[in-house]
Amino acid sequence: MKTILITGGAGFIGSHVVRLFVNKYPGYKIVNLDNLTYAGNLANLIDIENAPNYEFVKADITDGELMKMIFDKFRFDAVIHLAAESHVDRSISSPMEFIFANIVGTVNLLNAARQVWSDFNGQKFYHISTDEVYGSLGATGFFFENTAYDPRSPYSASKASSDHLVRAYHHTYGLPVVISNCSNNYGPYQFPEKLVPLAINNIRNNKPIPVYGKGENIRDWLFVEDHAAAIDLIYHEAKIGETYNIGGHNEWKNIDLIKLLCEIMDRKLNRLPGTSENLITYVKDRAGHDLRYAIDSGKIQKELGWKPSLQFAEGLEKTVDWYLANEKWMKNITSGDYQKYYDNQYVKR
Ligand code: NAD
Ligand code: TYD
């Protein structure tokens with residue numbers, strides 16, 4: 001039986017990857033390692049928590065000695081590394097947490113893998129990264145796998161740094177690595193500090209929807225299960241040393257996306273058309289706000305046959321339905337310190 005370590009499996013994307021692997025591959029033992037930060041939530045995995053091929057380990061990847069002990073104990077055949085601090089706004093207010101979790105944490109895992117995989121025989125260290133490492137695009141163009149790195153926020157700089165270190169361990173020590181860089185994900189179980197669940201939650205509760213700057217920044221949105229499917233494919237098919245970009249070819253200006261969400265929510269909540277749009281509130285722009293991200297995912301489409309399965313309209317409907325049906329999940333994670341953090345976030349323009 002193969003034993004696969006998935007880090008950050010209690011978070012948004014990680015929980016979808018864990019669920020997919022546990023259900024699809026009964027012959028793999030999946031170990032989910034997560035230290036349950038504010039963004040980690042075991043309720044995301046309640047449906048598979050008793051599966052015989054699943055085990056949860058609460059541990060912090062910034063603890064290098066502990067990582068070595070855990071690798072020694074489990075003798076993982078592979079690592080899929082998602083654990084990270086993931087929110088750009090938090091990286092602006094608290095950059096050091098991103099340096100520790102995203103850079104030091106990744107190096108600790110690389111060191112532990114290197115120590116245990118002394119013969120490098122069939123193992124794989126798969127590092128999950130973001131398109132934000134490539135910086136910001138103007139009105140045209142796309143990010144390709146060979147686009148030069150140009151990170152501009154503490155979050156993207158910490159992810160870029162971890163990508164470089166993963167490649168350095170491959171080139172220097174021969175560690176068998178694979179990397180993918182994905183665009184913005186949306187879907188069930190996303191912590192409501194990110195745009196889509198935050199807007200859905202605020203609309204439902206008749207609270208202002210904060211739009212940074214003029215709302216003209218563009219993101220390329222991908223349904224989280226399509227990302228998980230790409231990770232499955234890359235994990236199984238990619239050659240060692242390869243990098244793949246993953247994206248939805250689905251660019252939206254923030255303000256247009258928010259208006260679309262308002263329309264869907266008015267319909268779902270039986271509100272008069274236009275009701276939710278009144279909640280749109282322009283607030284001070286994010287410092288250093290990247291204008292546009294857009295991925296060219298031609299390589300993964302051509303080489304591995306991956307493409308997104310859902311149209312955006314369908315994915316958003318599914319997402320809204322999930323949040324409306326899971327009010328308790330939302331209430332639980334937005335209790336405690338969340339509200340305090342959130343209320344201090346925005347300066348109305
Ligand atoms: P998330 O914030 O929802 O989850 C991160 C998880 O990592 C949480 O469960 C948290 O508890 C855990 N974690 C954080 N620090 C840890 C530590 N020191 N030790 C152990 N566990 C720790 O993030 P997400 O949106 O699911 O993103 C997962 C990965 O995918 C990240 O590496 C992120 O950079 C990358 N990514 C995210 C997106 C996106 O749109 N969300 C897009 C591309 C890439
Ligand atoms: P976010 O979900 O934080 O993802 P990222 O910054 O990693 O792309 O933000 C998506 C876009 O939405 C980004 O351009 C910032 C903007 N935004 C708002 O306008 N209002 C908000 O309340 C949030 C959280 C984001």
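Given the structure is predicted, the values throughout are model-derived calculations rather than measurements. We count ligands from 1, going down the list as the structure has it; atoms in each ligand are counted the same way. Counting from 1, the numbers follow the sequence of the chain as shown.
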Report task. Give the numbers and elements of all ligand 1 atoms closer than 4.0 Å to a heavy atom of L36. Result -> 11 (O)
Report task. Would you check whether A59 reaches within less than 4.0 Å of ligand 1, judged by its heavy atoms? Result -> yes
Query - atom 31 (C) of ligand 1: nearest protein contact (heavy atom, Å) - result: L82 O, 3.2 Å
Report task. Considering the heavy atoms of H87, write down every atom of ligand 2 situated less than 4.0 Å from one of them. Result -> 3 (O)
Requested in this report: Could you tell me whether W252 and F312 have their ring centroids closer than 6.0 angstrom?
Outcome: yes
**Report entry** Contact atoms of ligand 1, heavy-atom distance to N35 under 4.0 Å
**Finding:** 11 (O), 13 (N), 15 (N), 16 (C), 17 (C), 18 (N), 19 (N), 20 (C), 21 (N), 22 (C)
Report task. Report yes if some N/O of T130 lies less than 3.5 Å from some N/O of ligand 1; otherwise report no. Result -> no
Query raised in the report: With no hydrogens and no angle check, is any side-chain donor or acceptor of W306 less than 3.5 Å from a backbone partner on K299?
Result: no
Query - Centroid-centroid under 6.0 Å between Y28 and H236 rings - result: yes
Query raised in the report: ligand 1 and Y38, any nitrogen or oxygen pair closer than 3.5 angstrom?
Result: no
Query raised in the report: Side-chain contact, heavy-atom cut-off 4.5 Å: Y212 with D89?
Result: yes
**Report entry** Which residues share a salt bridge (Lys or Arg N to Asp or Glu O under 4.0 Å) with K194, sequence neighbours left out
**Finding:** none
Query raised in the report: Please state which protein non-hydrogen atom is closest to atom 4 (O) of ligand 1 and give its distance, to 0.1 Å?
Result: G11 CA, 3.4 Å
Requested in this report: Please determine if A101 has a nitrogen or oxygen closer than 3.5 Å to a nitrogen or oxygen of ligand 1.
Outcome: no
Report task. Considering the heavy atoms of G40, write down every atom of ligand 1 situated less than 4.0 Å from one of them. Result -> 8 (C), 9 (O), 11 (O)
Query raised in the report: Heavy-atom distance under 4.5 Å between the side chains of Y25 and K2, does that happen here?
Result: no
Query raised in the report: Hey, does N41 come in under 3.5 Å of ligand 1, counting only N/O atoms on both sides?
Result: no
**Report entry** Element-labelled atoms of ligand 1 that are located less than 4.0 Å from some non-hydrogen atom of I13
**Finding:** 25 (O), 26 (O), 27 (O), 30 (O), 36 (N), 37 (C), 38 (C), 39 (C), 41 (N)
Query raised in the report: Are the side chains of R167 and V177 in touch, meaning some heavy atoms are under 4.5 Å apart?
Result: no
Query raised in the report: Below 3.5 angstrom, do we get any N/O pair linking I61 and ligand 1?
Result: yes
Report task. Would you indicate whether the side-chain heavy atoms of F120 and L175 approach each other to under 4.5 Å? Result -> yes
Query raised in the report: Can you tell me the protein heavy atom closest to atom 32 (O) of ligand 1 and the distance?
Result: K159 NZ, 2.7 Å
Query raised in the report: Are I128 and I231 close enough that some pair of their side-chain heavy atoms sits under 4.5 Å apart?
Result: yes
Query raised in the report: Can you list the ligand 1 atoms lying under 4.0 Å from a non-hydrogen atom of D60?
Result: 17 (C), 18 (N), 19 (N)
Query raised in the report: Between L198 and ligand 2, which part of the residue brings a heavy atom under 4.0 Å of the ligand: side chain, backbone, both or neither?
Result: side chain
Report task. Consider every N or O of F12 and every N or O of ligand 1, then say whether any pair is closer than 3.5 Å. Result -> yes
Query - Test item, G9 contacting ligand 1 (heavy atom, 4.0 angstrom) - result: no
Report task. Would you mind listing which atoms of ligand 1 come within a distance below 4.0 Å of any non-hydrogen atom of C182? Result -> 42 (C), 43 (C)
**Report entry** Side chain, backbone, both or neither: the part of N184 lying under 4.0 Å from ligand 2 by heavy atom
**Finding:** side chain
Requested in this report: May I ask you to check if R114 and Y173 form a cation-pi contact, with NZ or CZ under 6.0 angstrom from the six-membered ring centre and within 45° of the axis?
Outcome: yes
Query raised in the report: Counting each atom of ligand 1 from 1 as listed, which ones have a heavy atom of N185 under 4.0 Å away?
Result: 39 (C), 40 (O), 42 (C)
Query raised in the report: Polar-atom distance check: N184 versus ligand 1, any N or O pair below 3.5 Å?
Result: no
Query raised in the report: So is D34 polar-close to ligand 1, meaning N/O to N/O under 3.5 Å?
Result: yes
Report summary line: Ranked by distance from atom 42 (C) of ligand 1, the top protein heavy atom is S183 O, 3.3 Å
Query raised in the report: Between H81 and ligand 1, which residue portion shows a heavy-atom distance shorter than 4.0 Å: side chain, backbone, both, or neither?
Result: neither
Query raised in the report: Below 4.5 Å, heavy atoms only, C-beta onward: do C262 and I203 meet side chain to side chain?
Result: yes
Requested in this report: Would you check whether Y155 has a nitrogen or oxygen atom less than 3.5 angstrom from a nitrogen or oxygen atom of ligand 1?
Outcome: yes
Query raised in the report: With side chains defined as the heavy atoms from C-beta onward, is the minimum distance between F144 and T147 less than 4.5 Å?
Result: yes
Requested in this report: Could you find the nearest protein heavy atom to atom 2 (O) of ligand 1 and give me its residue, atom name and distance?
Outcome: S86 OG, 2.6 Å
Query raised in the report: Can you tell which of S162, S156, S158 makes a side-chain hydrogen bond (donor to acceptor under 3.5 Å, both in side chains) with N102?
Result: S158
Report task. Output the list of atoms in ligand 1 that are nearer than 4.0 Å to some heavy atom of I128, sorted by atom number. Result -> 30 (O), 32 (O)
Query raised in the report: Which residue from I280, D89, N254 reaches closest to atom 11 (C) of ligand 2 through any of its heavy atoms?
Result: N254
Query raised in the report: Would the number of heavy atoms belonging to other residues, nucleotides or ligands and lying under 6.0 Å from CD of E55 be above 12?
Result: yes
Requested in this report: For residues H87 and Y155, establish whether the separation of their ring centroids is below 6.0 Å.
Outcome: no
Requested in this report: Out of A84, A39, S129, indicate the one that has the non-hydrogen atom closest to atom 14 (C) of ligand 1.
Outcome: A84
Report summary line: With sequence neighbours left out, the residues meeting salt bridge (Lys or Arg N to Asp or Glu O under 4.0 Å) with D63 are none
Report task. Report yes if the side chains of M265 and L324 come closer than 4.5 Å at any heavy-atom pair, otherwise no. Result -> yes
